[in-house]
Number of protein chains: 2
Amino acid sequence: MTHNRIKINDIAQLTGLSTTTVSRVLNGKAKQYRIGKESQEKIKKIAKELNYIPNQNAANLRTGRSNTIALIVPSLNNPFFANIASNINNEVRDKGYVTIVGDSDEDVATEKLILQQLSSRNIEGIIIVPCGNKWAHIKELHDQGLPIVCIDRYFDNLDIPFVSTDNHHGAYLATRHLIEQGHTIIACIQGVKESTPNKLRIKGYLDALSESGIKDILITGDEFSFHCGYIETKLLLQQKNKPTAIFTLSNTIAMGAMKALKEERIKIPDDISLITFDDHPYLDYLATPLSCVAQPVTDISKIATKFLFSEINRNKMPLPKILLKPNLNIKESVKRLNSRY
Amino acid sequence: MTHNRIKINDIAQLTGLSTTTVSRVLNGKAKQYRIGKESQEKIKKIAKELNYIPNQNAANLRTGRSNTIALIVPSLNNPFFANIASNINNEVRDKGYVTIVGDSDEDVATEKLILQQLSSRNIEGIIIVPCGNKWAHIKELHDQGLPIVCIDRYFDNLDIPFVSTDNHHGAYLATRHLIEQGHTIIACIQGVKESTPNKLRIKGYLDALSESGIKDILITGDEFSFHCGYIETKLLLQQKNKPTAIFTLSNTIAMGAMKALKEERIKIPDDISLITFDDHPYLDYLATPLSCVAQPVTDISKIATKFLFSEINRNKMPLPKILLKPNLNIKESVKRLNSRY
DNA sequence: TCATATTGCACAATCGTTTGTTCTATGCTT
DNA sequence: AAGCATAGAACAAACGATTGTGCAATATGA
């Protein structure tokens, strides 16, 4: 295609200098290699005039650096991840890098496929929201020395760095809030069971319950998806021991739950209370603004990027595993019950 | 980093064959170059055993093909674009390509910057939602022979192919719907004025009005943003000649409008009706489910990708400019007025 | 049996950079 | 004036694949 592009050699010819010199000037190594002022200016001038655009592939082949990182998320359709993607993309661009984005579609096989595709491209690092609880393929790359940071979801017992939310605390806050409002039959619709954040959220939920001596434990679900929220809510509504509150462990699950509740004409919070993990601007304009555990998305993105680049640049930054505090955003979806007292 | 990776030459050594032969077998050109069955199997076996991963940069340098396309959107945070990104990403991955995603942040300067970054990478094609009405930098690349498809927003008078919605028709439908429900004072909050979709939407709005002999024309706004929707709605509410309905030209504008309305305690649709361009799952769960003009996002993504690849593969596909019909999704945000009759 | 086809594969150039090393002036020192 | 330092720049070898062409060895045909 666009292959009449001008190359470093053309500039060399036109300036009467060597490609070596041109390369060094254009890479800002002029002083280091004592290139004369005049030569420098001549080169820069011509390069600008001809609109020289270096061929990154050639450079990459030689240096092994691609100025490219990858971001893999379970679904760009999930506003939570889209937000992360947007943030990271901006951070990365400012460093002169580009981001290859992979959408694993919440499917481990796809995730593996994407990592494979990436392996052949000399990307310099990966920020990933692992979609499942399988980590062999990720660890393999990490072991080969490829900088990797997990965000949001991660693997506790591995030595792969991560930046996430204090999920236990978040779930604890949400559950305690429900309890404080008088709820005692609190259902929790979870996502991927074996994933670390999910386990911790469940633990937070359980801890809050047991702290208050509540024995009714109601955990269902197995996917961070709309569908899961919908199905499980439908089922919950069938129970004899109907919950007065539902705690959904992701925004997608919450949306599914809302659909089910709407279908059954059950009002939030009058008939049932709802609280969820993950915030989103839309939540404020819902029929009932949804109380939620807001994750510090921007900070997570920033820290993850910063850390990834410190790894890429081999500045040993001592920041392997970090959890940020979430925020409990109380809106209007939780009703105060007095039934118990 | 991971530079003890095995290369084509290693396989050549181990099999006792030449790199040429190995390359040809691994690229499926065995028949074409009459490589013997035995050699083929030996090569494939070893390649698999050693988990050979080709260095795309080397190949790319030689062939000029990068198996990479770029997608540039104004904001991944906008669920409409996130949805597009997700769709395209999946399409592209299935073809063995990867997607570099650029978030131009609704800023032309950033968009230019991104295109520059991409120029040096031998990407094979671009799908872009141009953020503004400036096209010189895009046309330049297109003129150099780089396959480019605009989606959603596009430039009418240029020869750059596009896939979008029939914006005129969509706006016409929405406006006519409002009129049919008895509204006569209908405000329209627009986005980037000079952009083609915006112009066409405005035209659809005007055509519907004039068709019904409505003289009150109320157009404000200048950005496809939350902020614009918020501000303009606030201002509209100050007018003496207050509109009974608002038509927002994007989902972001609609959200801003909702915020303003909520602040002013103005109920939808009781006090004012609202209809918007762009659908989103969340819209169904809003305080008042928002009637909208739904764009065929999936089809747009599919067609755009298909066309881009036909360009990349130089199959001259006669599909330069295409507009898909939008759908009017009537929900509950438009009130039937009888005041006029 | 000799000429010609065909099969199977290797040589070596090439893609556009980067970079360790070398080389030649010129200037400086004493 | 001889010796050495330094400034300024070029040589040429990589990086790891792809590919036009050439060259044996074997098969085929008359």
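Below, chain A is the first sequence line, B the second, and so on; all start at residue 1.
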Taking only side-chain N and O atoms of A/Lys29, does any of them lie within less than 4.0 angstrom of OP1 or OP2 on C/dT19?
yes

Distance test, side-chain N/O of B/Tyr52 to OP1/OP2 of D/dG16, below 4.0 Å
no

From [atom1] of [X] over to [atom2] of [N], roughly how many Å is that when rounded to an integer?
{"X": "A/Asn27", "N": "C/dT17", "atom1": "CG", "atom2": "P", "answer": "10 Å"}
{"X": "B/Leu61", "N": "D/dA14", "atom1": "CG", "atom2": "P", "answer": "17 Å"}
{"X": "B/Arg65", "N": "C/dC15", "atom1": "CZ", "atom2": "P", "answer": "18 Å"}
{"X": "A/Ile8", "N": "D/dA14", "atom1": "CD1", "atom2": "P", "answer": "19 Å"}
{"X": "B/Asn60", "N": "D/dC15", "atom1": "CG", "atom2": "P", "answer": "18 Å"}
{"X": "B/Ile6", "N": "D/dC15", "atom1": "CD1", "atom2": "C1'", "answer": "16 Å"}
{"X": "A/Ile11", "N": "C/dG16", "atom1": "CD1", "atom2": "P", "answer": "13 Å"}
{"X": "B/Asn122", "N": "D/dA17", "atom1": "CG", "atom2": "P", "answer": "17 Å"}

Given side chains that start at C-beta, do those of B/Asp156 and B/Lys321 come closer than 4.5 Å, heavy atoms only?
no

Starting at the 5' end of nucleotides 5-13 of chain C, put B wherever the base has a protein heavy atom under 4.0 Å, S where only the sugar-phosphate does, and a dash everywhere else.
--BBBBBBB

All side-chain contact (heavy atoms from CB on, under 4.5 Å) counterparts of A/Asn60, not counting sequence neighbours:
A/Ser66, A/Asn122, B/Asn57

Report all side-chain donor-acceptor pairs from residues 132-139 of chain B shorter than 3.5 Å, counting only partners two or more places apart or in another chain.
unit_1: B/His137; atom_1: NE2; unit_2: B/Glu111; atom_2: OE2; d: 2.8
unit_1: B/Lys139; atom_1: NZ; unit_2: B/Asp143; atom_2: OD1; d: 3.1
unit_1: B/Lys139; atom_1: NZ; unit_2: B/Asp143; atom_2: OD2; d: 3.2

Review item, side-chain donor-acceptor pairs of residues 95-108 of chain B, under 3.5 Å, at least two apart:
unit_1: B/Tyr97; atom_1: OH; unit_2: B/Glu124; atom_2: OE1; d: 3.0
unit_1: B/Asp103; atom_1: OD1; unit_2: B/Asp105; atom_2: N; d: 3.0
unit_1: B/Asp103; atom_1: OD2; unit_2: A/Ser86; atom_2: OG; d: 2.8
unit_1: B/Asp103; atom_1: OD2; unit_2: B/Leu76; atom_2: N; d: 3.0
unit_1: B/Ser104; atom_1: OG; unit_2: B/Val73; atom_2: O; d: 3.3
unit_1: B/Glu106; atom_1: OE1; unit_2: B/Arg153; atom_2: NH1; d: 3.2
unit_1: B/Glu106; atom_1: OE2; unit_2: B/Arg153; atom_2: NH2; d: 3.0
unit_1: B/Asp107; atom_1: OD2; unit_2: B/Thr110; atom_2: N; d: 3.1
unit_1: B/Asp107; atom_1: OD2; unit_2: B/Thr110; atom_2: OG1; d: 2.6

Applying a 4.0 Å non-hydrogen cut-off, can you work out what A/Asn57 is touching in the nucleic acid: base, sugar-phosphate, or nothing?
nothing

Can you name the one residue among A/Val163, A/Ile300, A/Asp299 that meets side chain to side chain contact (heavy atoms under 4.5 Å, CB included) with A/Ile322?
A/Val163

Partners of B/Thr305 by side-chain hydrogen bond (donor to acceptor under 3.5 Å, both in side chains), sequence neighbours excluded?
none

Going by side-chain hydrogen bond (donor to acceptor under 3.5 Å, both in side chains), name the residues that satisfy it together with A/Arg93, two or more places apart in sequence or in a different chain.
A/Asn90

Return a table of donor-acceptor pairs under 3.5 angstrom between the side chains of residues 24-38 of chain B and protein atoms on other chains or two or more places apart.
unit_1: B/Asn27; atom_1: ND2; unit_2: B/Ser23; atom_2: O; d: 3.2
unit_1: B/Asn27; atom_1: ND2; unit_2: B/Ser23; atom_2: OG; d: 3.4

Pairs of donor and acceptor atoms involving the side chains of residues 45-52 of chain B, under 3.5 Å and at least two apart or interchain, shall be tabulated with distances.
unit_1: B/Lys45; atom_1: NZ; unit_2: B/Glu49; atom_2: OE2; d: 3.3

Could you tell me, to 10°, how much the axis swings from one end of the helix from C/dT1-D/dA30 to C/dT30-D/dA1 to the other, five pairs per end?
50°

